[in-house]
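The next block holds one structure in the form of structure tokens; read it before the comments.
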Amino acid sequence: MAQSSVPCYTIINSPDLEVPNEMQLKQDLEKGDTNVKIETLKKVIQLLLNGERLPGLIMTIIRFVLPVQNHTIKKLLLVFWEIVPKTSPDGKLLQEMILVCDAYRKDLQHPNEFLRGSTLRFLCKLKEPELLEPLMPSIRACLEHRHSYVRRNAVLAIFTIYKNFDWLVPDGPELIANFLDIQQDMSCKRNAFLMLLHADQERALNYLASCIDQVNNFGDILQLVIVELIYKVCHANPVERSRFIRCIYNLLNSSSNAVRYEAAGTLITLSSAPTAIKAAAGCYIELIVTESDNNVKLIVLDRLIAMKENENMEKVMQDLVMDILRVLAAPDIEVRRKTLNLAMDLVSSRNISEMVLMLKKEVSKTHNVAHEDTGKYRQLLVRTLHSCSIKFPDVAGNVIPVLVEFLSDTNELAAADVLIFIREAIQKFPSLRNLIIGHLTEAFAQIKSSKIHRAAVWILGEYVNDKSQILEVIEVIIQTLGEVPMVEAEQRRLNGDQTEEEILNHCNNNTQQTQTNSNSKVTSDGTYATQSAFSLAPISKKEKRPSLREYLMIGDFFIGAALSATLTKLALRYADLEDNPRAQNRLTTRVMLIMSSILHLGRSGFPSKPIANDDTDRIFICLRTLSQRTKDAVQVFERYCREALGKMLDAQYEEDQRVFKEKQKAAAKVQPDDPVVFAQLSNGRENQLGENVFESSLNQALAGTKSNNLSDVASPNNKLNKVTQLTGFSDPVYAEAYVNVNQYDIVLDVLIVNQTNDTLQNCTLELATLGDLKLVERPHSIVLAPHDFCNIKANVKVSSTENGIIFGNIVYDTSINTNVVVLNTIHIDIMDYIIPASCTDTEFRQMWQDFEWENKVTVNTTFTDLHEYLKHLLKSTNMKCLTPEKALSGQCGFMAANMYARSIFGENALANLSIEKPIDDPDSKVTGHIRIRAKSQGMALSLGDKMSSSQKLAIQAS
């Protein structure tokens, strides 16, 4: 095998350097001063790491460098003796090493504690018992040194020697046990206890039993080892559980957060009792609240979420919902999101009222708080209260007044979520309709967004069923709309005349005016001056219009069309409830005047943009419906709109249930091929512990892989698919690379084979990257014997979701010249970073509006079925289709679907698919285009390239 396969403990990244002459190195080591010897020794170490042998330098270093007492040289010599070959080609120890052994025996007796300690650490890395045997008395003597640094390294040295060559120190456990009894320093006790844990558990248990009441007073490094011992012993012998579980309970109150975290994790694996689960969960919650690091908060929250997945633990944790909500005091939005989701999963009818009260307090705290994430947090609170009300209808009456306050919020997303909740609640809970309509009517005038006003108008028009309520809603709408007819009012405003509203306001102001017309002022020279109202220059005030009128004046006539539809519904419903024809006609005339006034305003030229033809048509339909009252048109307004909402909500509920069932299937507790456990035949160990050690180890081993299916991960084909051939079979050096993508890291495992009869010196793998890839370190040069091979690993860091390219060559020296073999390029696929994700329609529209980079891909395919093309696109891009299945069902000749995915770097990718094909021609191909939007240009371009290449592959396959 090549020199690079020799085990090495110390890795030093060396820059490019010329190979110096061995005679020059000897001369520098012999006659140079201390600084020259230091630099020369560094060069020798780098040469050894690069595969050079340099056997002639060992005696020179022993004679001229080893006796030097300089600390830097002492450190470098430790590295040198660690990596230098210590045996001859026949495997026997070199004679020179006896002299080295004697030198280190003297260092072990040196008065400087640093030299002793560093020498002991070096001895932990030696694998030659012939060198260690003469040093054993000195190592034992270091156990009694006055300084703790020497004593703790002496324990580690004895531990390593006992583990590798137990015959050198046969009484090692007994020696360390006696050392542990008399030792006071915590670091020394920790190392000693660690050795007993691995070498003689019985002695470790006896020591723990003798001082179990004092464990809380130990240092955290020793407590962590004690937790590890208890975990191992109780899993190996569950009978010992009752003996030490009280110790774990005590460690939950340790002053060290790391100890408390490990103790809580150990406790829930040792016991499934409700008291243990509650104590561990309480410890986790306390850690989250007290720890300031957000990463720690998220890690511990994940542990709580994992506990919730266990059915037995979930029942116990339901009583801790209010404690979990204490985590909302953290400022990080991701911590708050996970906390609210966890609390929502655990809340029950027993504590839903307390949770709602807590969330209402959190809502009140967000008012007048200037923070960048305040809007997002308010949105999270709205959605959580929404979920609480749908899941527990009894609390909906308490939630609605709080949420309606959000309608006047400047954060449009939070207000939109409130209206989505109100729309669902008013449809599902008829008993709350009067309450909702009352609060919505009160808040209507304070709404600041056209989109929110539009949705509120629709809800009022659909669900107001009482005569007095209808009249009240129309009055509120007219107040928010302003004076009608609007064109005449705007004309008077333009001419400088006062409108009816201004006249009324002016009269009110005059009745309240008590101020004098002149004020006395003091000038700069100290004299008095009189300021009269007649001497003031007129100040032009910005025209303040009612909110609905303001929308129309800026050209948003979509709100006018929605307002016309609502007024039509109210007028038709009032006609059904009111028997007096004059009252019916009076209200209908008033409503039709408002609609015609909107039409007139849209064509008058006063608004910044004229009314669109679509809005004009909708308003004309409303006017025609009120004047003609045809049965079909009336049915559309009175019945079909509400039925459409009911169907949409039912479809959403079915989709949520389908996703929930899929999650349950994915997290199946029992697999068909799981072994059957017979309680009568078991030895009693399996069911006494809260965790299956084999399963947990397997899950940890598979963590980070895309597929959780063991057969997929372990399949040889899965690995072979990621092998890239870098050179040809006839090249003097053959190379191939296995590309392993693990989130932010790409590991290239390159196999290099020497196919020649010559020894290849300084064989170097030179790599370069294109895109947002960065080579972490340059692979070291190696020496390849004839027909030899070796593996070289190179790490590449990824910083964004873009297609990347890795290219390079292999450079090597022969006895004649230097040669270069150019490698094939390695393409890093964007699909390794993209995972399917889901978001709401509102979030999708908001991101579509915010993202500035768009890439349009033309559909060019052989597919003749719209649904098959969509499935192919989703499979090849790792995106998820957000459009419900029911909306895509059927054959109508065209299809529009939204797709969404998220990268491991938190980047979002949106896509809109618009395709069509003639219905009368079944053999025609699918045509259309795909629009991709992303925040970064690279993401949009890379995803578009992936879609184009997948289409080409499909065409070639067909």
Closest contact, heavy atoms only, [X] versus [Y]:
X	Y	answer
A896	L888	O-CD2, 3.8 Å
Y900	A837	CD2-O, 3.4 Å
D615	A561	OD1-CB, 4.0 Å
A456	L440	O-CD2, 4.1 Å
M355	T384	CE-CG2, 4.0 Å
L267	A276	CD2-O, 3.5 Å

Note to self: Would L325 and E362 count as a side-chain contact (heavy atoms from CB on, under 4.5 Å) here? Give the steps.
What the structure shows: CA-CA 10 Å; L325 288 176; E362 287 295 316; over 6 Å; no
First locate atom [atom1] of [X], then atom [atom2] of [Y], and finally report the distance between them rounded to the nearest 0.5 Å.
X	Y	atom1	atom2	result
L943	I932	CG	CD1	4.5 Å
L346	L320	CG	CG	8.5 Å
E405	I400	CD	CD1	13.0 Å
I299	L287	CD1	CG	11.5 Å
T625	F637	OG1	CZ	4.5 Å
H386	E424	NE2	CD	4.0 Å

Does [X] reach the side chain of [Y], with side-chain heavy atoms less than 4.5 Å apart?
X	Y	result
I611	I619	yes
I835	N878	no
I470	E578	no
L587	L570	no
L552	R545	no
T877	I834	no
K365	L381	no
W848	N912	yes

So, does [X] use its side chain to make a donor-acceptor pair with the main chain of [Y] at under 3.5 Å?
X	Y	value
R902	N908	no
T568	S564	yes
T883	N898	yes
H439	L403	no
E843	T840	yes
R378	V363	no
K391	M344	yes
D617	D614	no
R573	V464	yes

- Between N312 and S272, is any side-chain donor less than 3.5 angstrom from a side-chain acceptor? no
Check whether the side chains of Y551 and R454 place a donor and an acceptor atom closer than 3.5 Å, and report yes or no.
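R454 and Y551 do not have a side-chain donor-acceptor pair below 3.5 Å.
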Should we say atom [atom1] of [X] is surrounded by more than 12 heavy atoms from elsewhere, each under 6.0 Å from it?
X	atom1	result
K935	NZ	no
K308	NZ	yes
K448	NZ	yes
D850	CG	yes
D579	CG	no

Test side-chain hydrogen bond (donor to acceptor under 3.5 Å, both in side chains), reference Y463, set R423, R642, Q427, Q469, output is Q427
Report the C-alpha separation of L340 and L359 in whole Å, then their side-chain angles, then the decisive distance to 0.1 Å, and conclude whether the side-chain contact (heavy atoms from CB on, under 4.5 Å) test is met. CA-CA 10 Å; L340 288 173; L359 294 178; 3.8 Å; yes
>> What verdict does the side-chain contact (heavy atoms from CB on, under 4.5 Å) test give for I554 and E550, after you've listed the backbone C-alpha separation in whole Å, the side-chain angles of each residue and the deciding distance to 0.1 Å?
In response: CA-CA 6 Å; I554 62 176; E550 190 67 37; 4.2 Å; yes
Problem - From CA spacing to verdict: salt bridge (charged side-chain N to carboxylate O under 4.0 Å, His left out), E462, K569 - result: CA-CA 7 Å; E462 194 63 47; K569 292 177 187 177; 2.7 Å; yes
Steps toward side-chain contact (heavy atoms from CB on, under 4.5 Å) verdict (L572, R629):
CA-CA 9 Å; L572 292 173; R629 306 286 177 100; 3.6 Å; yes
Which is it for R590 and E475 under the salt bridge (charged side-chain N to carboxylate O under 4.0 Å, His left out) test, yes or no, and what are the steps along the way?
CA-CA 11 Å; R590 196 175 182 188; E475 286 298 327; 2.7 Å; yes
request  = Using the test ring pair (Phe, Tyr, Trp, His ring centres under 6.0 Å), find all partners of F444 that sit at least two apart in sequence or belong to another chain.
outcome  =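 F444 satisfies ring pair (Phe, Tyr, Trp, His ring centres under 6.0 Å) with H453 only.
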Check: Step by step, would you call R933 with E854 a salt bridge (charged side-chain N to carboxylate O under 4.0 Å, His left out)?
Finding: CA-CA 4 Å; R933 285 202 180 182; E854 179 172 316; 2.6 Å; yes
Sequence neighbours excluded, the answer for salt bridge (charged side-chain N to carboxylate O under 4.0 Å, His left out) partners of K297 is none
Practice prompt. Go through D302 and K338 one step at a time and tell me if the salt bridge (charged side-chain N to carboxylate O under 4.0 Å, His left out) criterion holds.
Written response: CA-CA 9 Å; D302 288 338; K338 283 193 173 186; 2.7 Å; yes
Qualifying ring pair (Phe, Tyr, Trp, His ring centres under 6.0 Å) pairs, either residue in residues 298-354, two or more places apart =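 Found none.
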